[in-house]
Amino acid sequence: MGIDVDCELVLPCHNEAGALPGLLAEVPAGFSVIVVDNGSHDATADVARSRGARVVGESRLGYGAAVQAGVEAATSEFVAVMDGDGSFDPAELPALLAAVREGRCELALGRRRPVSRGVWPWHARLGNTLVVWWLRRSVGYPVHDLAPMRVCRRRALLDLDVRDRRFGYPLELLRKATLAGWRLEEHDVRYRPRAAGTTSKVSGSLRGTTRTAHDFWKVLTAAGAGS
């Protein structure tokens, strides 16, 4: 059932051509989609366009660079961000959007709930747990996940001035939002196996998790220096 919303969904993508057909077919009516092609070597951009998404190119590699490019390109009052690998169900976005639209929070977050064993590898889960612990201890972060699915007002997000352009972006965002006094509301969302034929840049390997941990560490040390 479609709903009348004013929200653009930003999908940061690097070589996600295999995931996009199924994922874009699941996007609820009323959401327009911006696919940010972050240096893909496959047909990500062509697949996205053929299925009605707007494509924005971002040559600087990095999750934060892709998200920022999509948010800057958006024009709607609200913006949603979600991984473009098929691991989340867009049908769960309206509940997060409603929480922000109705004034219950400034930032609605999806807390990952794996649908089966092996979806969230131990090294990625451990890294998430440690970083969330640091956020809770240092700034009173009130929820339990770094939340790759989230919804907020576009202008407020830009004004937050998140500067990391790699995998430290979510950590910096959530730290700054907490310090700014944003109300956060957490919703359980299903965490599914990513689409066949695609590879995770973060949790798919110990190397990817280690690289992400390095990006997190840069944000943590910068935060410590600024405190």
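Since we're looking at a predicted model, the values are computed, not measured. Residue numbers run from 1 in the order of the sequence given.
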Within the 4.5 Å heavy-atom criterion, are [X] and [Y] side-chain neighbours or not?
X: Y191; Y: R113; result: no
X: L11; Y: V33; result: yes
X: V10; Y: V79; result: yes
X: L107; Y: L174; result: yes
X: M82; Y: L23; result: yes
X: P90; Y: F31; result: no
X: V56; Y: D37; result: no
X: Y169; Y: L173; result: yes

Any carboxylate oxygen within less than 4.0 angstrom of a Lys/Arg side-chain nitrogen, looking at [X] and [Y]?
X: R194; Y: E16; answer: yes
X: E77; Y: R153; answer: yes
X: R163; Y: D161; answer: yes
X: R192; Y: E26; answer: yes

Looking at [X] and [Y], what are the two nearest heavy atoms and their distance?
X: G181; Y: E106; answer: O-OE1, 4.3 Å
X: G84; Y: C13; answer: CA-SG, 4.1 Å
X: R190; Y: V115; answer: CB-CG1, 3.7 Å
X: E8; Y: S32; answer: CG-OG, 3.0 Å
X: V189; Y: M149; answer: CG1-SD, 3.8 Å
X: W182; Y: L184; answer: O-CD1, 3.2 Å

Quick check for you: to the nearest 0.5 Å, what is the distance between [X] atom [atom1] and [Y] atom [atom2]?
X: D164; Y: R166; atom1: CG; atom2: CZ; result: 8.0 Å
X: R136; Y: T178; atom1: CZ; atom2: OG1; result: 10.5 Å
X: L157; Y: F78; atom1: CG; atom2: CZ; result: 13.0 Å
X: L160; Y: C152; atom1: CG; atom2: SG; result: 8.5 Å
X: L20; Y: R51; atom1: CG; atom2: CZ; result: 8.5 Å
X: L146; Y: R111; atom1: CG; atom2: CZ; result: 12.0 Å

Is there a donor in the side chain of [X] and an acceptor in the side chain of [Y], or the other way round, less than 3.5 Å apart?
X: S76; Y: D6; answer: yes
X: N128; Y: R112; answer: yes
X: E186; Y: H144; answer: yes

Quiz item: Are W133 and Y141 connected, step by step, through hydrophobic side chains (Ile, Leu, Val, Met, Phe, Trp, Tyr) whose heavy atoms are closer than 4.5 Å?
Solution: yes
Self-check item: hydrophobic_cluster_shared for L179 and V131, side chain cutoff 4.5 Å
Solution: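 Cluster IDs for V131 and L179 match.
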Would the distance check show the side chain of [X] and the main-chain N or O of [Y] forming a donor-acceptor pair, the cut-off being under 3.5 Å?
X: D42; Y: T44; answer: yes
X: E58; Y: R60; answer: yes
X: R150; Y: A80; answer: no
X: R154; Y: A74; answer: yes
X: H187; Y: G110; answer: no
X: E185; Y: A108; answer: no

Quiz item: Where does the angle between the aromatic ring planes of Y63 and F167 fall among parallel (under 30°), tilted (30 to 60°) and perpendicular (over 60°)?
Solution: parallel
Self-check item: Audit row: V67, V36, side-chain contact (heavy atoms from CB on, under 4.5 Å) steps and yes/no
Solution: CA-CA 8 Å; V67 171; V36 182; over 6 Å; no
